[in-house]
Novice: 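Here it is, the structure in full.
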Amino acid sequence: MAPHAYFQAVAGTCYDYYLAIQLYTIAQYLTPAIIINYLSCGIISMYNKKIAAMFNEIADMIEIEDDTRIFEVRAYRKAAMTIDTLQEDVEEILDKGGTKGLMELPGIGEGLAKKIEEFIKTGRMRKYDDMKKKFPMDLDKLTLIQGLGAKKAFRLYNELGVKTIDDLKKAIEAHKVRRLEGFGEKSEAELGKGIGLYQAGISRMLLGTALPEAETIIRKIRGSGLADRVELAGSSRRMKETVGDLDILVTSSKPESIMDFVTGLSEVESVTLKGPTKTTVRLKIGLSCDIRVVERKSFGAGMQYFIGNKDHNVKVRQIAIRKGYKLNEYGLFGKNGKIIAAEDEREIYDKLGMQYPEPEMRENRGEIELSLEHKLPTLIQLGDIKGDLHVHTNNSDGANTLEEMVAQAEALGYSYIGITDHSKSEYVARGMDEARFERYSDQIDRFKDKYEGRVKVLKSAETDILKDGSLDFSNKSLDSMDYVLGSIHTNLNMGREEMTKRIIRCMEGGYLDIWAHPTDRLINARQPIQVDLDRVFEAAKDNGVVMEVDAFPDRLDLNDENITRARKHDLKFSIDTDAHRGDHMLFMRYGIGTAKRGWLTKNEVINTMRYEELMKYFK
DNA sequence: GCCGTTTTCGGCCCGACTGTTTTCAGTCG
C-alpha cells in the first residue's frame, strides 16, 4: 500500500474523529518519503523479529523430525516469544553485556545465546541453515494459518510440493489436499478459510473497541437466563492495550443451550468450533471469541485459568506441583484427587500460599515472587479518581461545550475538571493564541460560579512543546493557569538526542506541570518518538513534572512498561482521558487498567487528591 | 534447550475440539 493510502486508511479507521481529521490532513501535505520516515521512526532492530522467527522455525523442524524432543521444541518457542516481545534490541544487549547479558533473558541459556551472537556477527546461524536444507518451505508463514501446524505443513510439502502459501492455495483449488491420507474435504475447506483470514491481516484490536463488544455479548448471555455466572477473562480482563481474541467464562448447568445461544447471536459471523464446554466463534467486528463453560463449583479455577496470562499460569501450576497439588481449570487438587479449592479464585491463591494478584498484574513480571512474599502493592482503583485533568471543549477541537463537559464530570462524581484546549500551533485543532486564551479564561471564571460547591473548574491548556523546548504561550498566560499541561504534536521524527534535549529543556523551563501523552505513539498507527526516557524521567523528577497516563484507547501513553520505568524514578502520575467529547471521559477505565498494569498505587497519582491538596501540590 | 526451595541431572502445565479415524494425532490456547 502506498504511504498516502496507508495514512488515509489509518485515518479512516481511526477511533477518534478529530484525530482522523488531523491524520488525513497530514497525509495530504507530506511526500511519501517523509511519511515512511515518520512511520518507521523508533522501530526496534529487525534482528529481534528475525531471530524470533528463526527460533520458531527451528522448533517446527524439530517437531516434524522427532516427536520425543518436545521439551527442546518448547525451549525454542519460549525463547522466540521472549525475543519477539522484547522492548530492547538484542544487538544492543549483546554489545553491552555479551552472551552473558543475553543469558539473563528468560528462556535464553548458553546454547541459544551463542546462536544469537553467531547470527548478529555473521548473518548466519548454522543450526538453522543445516535444518532448513531438509525443510525448504515457508514454515514460519504456513504455520500462521489457522489449523495448520508444522507436521501437516511438512506433509503438504512432502506429498504435494507445497512450499508457500500461494502453493497451498493452488493445491486447494485443484482439490489435491483432500486426497491426502488424514486430510479430507473439510480440512481442505478449513485451510482455504484459514488462508483468507491470514491474508486479511492479523493485527490485534484496540481494547477500547474489543471490550465494549465483549460486554454486549456478556450482557446478552446474562439476559438469556441460561447462565449462572458470566464473566470476562483473557487479555481484555487483564486490560491489555490490544487483544487478539475475547474469552468469556460461563457457569451453567445447561452448557449445550449456552453454546446454541452464543452461536446464534447477531454479533457472530461464523462458528469456528463448537463443543459442550468450549466454543469459538468469529465475530463480525473481526475478532475471535472463546466461550468456556464450567460447573459452578469450578468457577474460581476457571477464572484463574482463563484470565491467564499463560506464563503466569505456568508458574502458578509449578508452585502447585511443588506443594504436591495439581491445578487445572476445574480446581486445585490434592494427591488423592481431593478438591483443595475450586469455586473461589482467591482461595486457590491462598491455598498456594500466595497473595491474590489483580488480573492486570498477571503477566509474570515479578508479581508471582511478590505474591509469595505477600508484598504485592495495593493498586489504584477507578473509584480513587477525583477529577480529569486533560479535557477539550469546542473552544478548540472538542465536540461539546464547556458546560456539557463539566456536567459530565459531575455525572461521574468528580470534584474537579481541568479544561485543556489546544494552543495556537495546533491550527488544525483550532488552537488558541494568548488573546483567545484570555477571553476563554474569563468565560471559565464567569462559568465557575454556576458550579460552585459542585465541580471545581481548573484553567489550563494543552500547550505545545515547541521544537526548541519552549512552550506555545507567553509566560503571562502560563502564569494565569492553575497548572500547565504540555505535549508534543509537531516535529515528531526528531533524532533521539535532539528530542531528549528538547523535552528536558522544556522541563527545566519551570512552567510544565504535566507532560501529556509522553511518547506520542498511536497504537497500530504510529511509533513512539525517539527519546531517552530515563534521562527525561530524571529531569522530570528534578523539576517536579508529572507524567500523564493518557487513557484514550489508541494512546494509552505512558503504557504499562514505561509506567514501570518511570516509577523507578519516583515520579508522580496523572491519569486523564484527553476527552474530545463528553462520553470520552468514560475512557478513564482504560487509563486505570493501564496504570494497574504498571503497578501504580493511589499515592502516586495526583488526581486522586482532594481539590485543596491538588491546588497546594501545583503551587 | 533451559533451569534450580526437588535439582548441575532430571524434570519441564494441562485439557478441549476436530477430522479422520475406529482410538488418536494434530492443533490450539
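In the text below, chain A, chain B and the rest are named by the order of the sequence lines, each starting its count at 1.
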Novice: Mapping A/Gly184 and A/Gly111 onto DNA chain B by nearest heavy atom, which one lands closer to the 5' end?
Specialist: A/Gly111
Novice: Could you tell me if the side chain of A/Ile319 sits less than 4.5 Å from the side chain of A/Leu327, heavy atoms only?
Specialist: no
Novice: Contact class for A/Ala150 (heavy atom, under 4.0 Å): base, sugar-phosphate, or nothing?
Specialist: sugar-phosphate
Novice: Taking the same atom, C1', in B/dC3 and in B/dC13, what whole-Å distance lies between them?
Specialist: 16 Å
Novice: May I ask you to say what A/Glu185 touches in the nucleic acid, namely base, sugar-phosphate or nothing, with a heavy-atom cut-off under 4.0 Å?
Specialist: sugar-phosphate
Novice: Mind checking if A/Phe71 touches a base, just sugar-phosphate, or nothing, with heavy atoms under 4.0 Å?
Specialist: base
Novice: Would you mind classifying the nucleic acid contact of A/Lys115 as base, sugar-phosphate or nothing, using non-hydrogen atoms under 4.0 angstrom?
Specialist: sugar-phosphate
Novice: Say you pick atom P in B/dT6 and the same atom in B/dG11; how far apart are they, in whole Å?
Specialist: 14 Å
Novice: Could you give the CG-to-P distance, from A/Asn364 to B/dC2, as a whole number of Å?
Specialist: 18 Å
Novice: For atom P, what is the distance between B/dC12 and B/dT5, given to the nearest Å?
Specialist: 15 Å
Novice: Look at A/Asp130 together with A/Lys127 and state whether they make a salt bridge at an N to O cut-off of under 4.0 Å.
Specialist: no
Novice: Could you tell me how far apart A/Glu104 (CD) and B/dC2 (P) are, to the nearest whole angstrom?
Specialist: 15 Å
Novice: Quick one: A/Asp60 CG to B/dG26 C1', roughly how many Å, whole number?
Specialist: 13 Å
Novice: State, yes or no, whether a side-chain contact exists between A/Thr164 and A/Lys141 at a heavy-atom distance under 4.5 Å.
Specialist: no
Novice: CG of A/Leu144 versus P of B/dT27: gap in Å, rounded?
Specialist: 13 Å
Novice: I need the CG-P distance between A/Leu148 and B/dT18, as an integer number of Å.
Specialist: 18 Å
Novice: Roughly how many Å is it from CD1 in A/Ile145 to C1' in B/dT27, rounded to a whole number?
Specialist: 14 Å
Novice: Do the numbers put A/Lys115 on top of the ring of A/Tyr128, so that NZ or CZ is under 6.0 Å from the six-membered ring centre and no more than 45° off the axis?
Specialist: no
Novice: Using a cut-off of strictly less than 4.0 Å, decide whether A/Lys310 has a side-chain nitrogen or oxygen near OP1 or OP2 of B/dG29.
Specialist: no
Novice: Look at A/Lys114 together with A/Glu117 and state whether they make a salt bridge at an N to O cut-off of under 4.0 Å.
Specialist: no
Novice: Under 4.0 Å: is that the gap between some side-chain N or O of A/Ser187 and OP1 or OP2 of B/dT20?
Specialist: yes
Novice: If we only count heavy atoms from C-beta on, is the A/Val162 to A/Val177 side-chain gap below 4.5 Å?
Specialist: no
Novice: On a whole-Å scale, what distance lies between the P atoms belonging to B/dT27 and B/dT21?
Specialist: 15 Å
Novice: State which of B/dG26, B/dG19, B/dC13 makes the closest approach to the side chain of A/Lys186.
Specialist: B/dG19
Novice: If we take the P atom in both B/dG10 and B/dA16, what is their distance in whole Å?
Specialist: 32 Å
Novice: Taking only nitrogen or oxygen atoms into account, show me every contact under 3.5 Å that the protein makes with nucleotides 14-17 of chain B, one pair per line with its distance.
Specialist:
from   : atom 1 : to       : atom 2 : distance (Å)
B/dC14 : O4'    : A/Arg317 : NH1    : 2.5
B/dG15 : OP1    : A/Lys326 : NZ     : 3.1
B/dG15 : OP1    : A/Asn328 : ND2    : 3.0
B/dA16 : OP1    : A/Tyr330 : OH     : 2.8
B/dA16 : O3'    : A/Thr277 : OG1    : 3.0
B/dC17 : OP1    : A/Pro276 : N      : 3.4
B/dC17 : OP1    : A/Thr277 : N      : 3.0
B/dC17 : OP1    : A/Thr277 : OG1    : 3.1
B/dC17 : OP1    : A/Lys278 : N      : 3.0

Novice: Please determine whether a side-chain nitrogen of the Lys or Arg among A/Arg296 and A/Glu343 lies less than 4.0 Å from a carboxylate oxygen of the Asp or Glu.
Specialist: yes
Novice: With nearest nucleotide decided by heavy atoms, which residue, A/Glu72 or A/Asp67, maps closer to the 5′ end of DNA chain B?
Specialist: A/Glu72
Novice: Return the value, rounded to whole Å, for the distance between atom CZ of A/Phe183 and atom C1' of B/dG26.
Specialist: 10 Å
Novice: Salt-bridged, A/Arg237 to A/Glu231, with N to O below 4.0 Å?
Specialist: yes
Novice: In this structure, how many angstroms lie between the C1' atom of B/dT20 and the CZ atom of A/Arg179, rounded?
Specialist: 18 Å
Novice: Under 4.0 Å between a side-chain N or O of A/Arg322 and OP1 or OP2 of B/dT6?
Specialist: yes
Novice: Do A/Arg238 and A/Asp247 sit within salt-bridge range, that is, some charged N less than 4.0 Å from a carboxylate O?
Specialist: no
Novice: B/dA25 pairs with which nucleotide, Watson-Crick or G-U wobble, both distances below 3.5 Å?
Specialist: B/dT18
Novice: With sugar-phosphate meaning primed atoms plus P, OP1 and OP2, does A/Leu372 contact a base, only sugar-phosphate, or nothing at under 4.0 Å between heavy atoms?
Specialist: nothing
Novice: Write down the distance separating the C1' atoms in B/dT20 and B/dC14, rounded off to the nearest Å.
Specialist: 24 Å
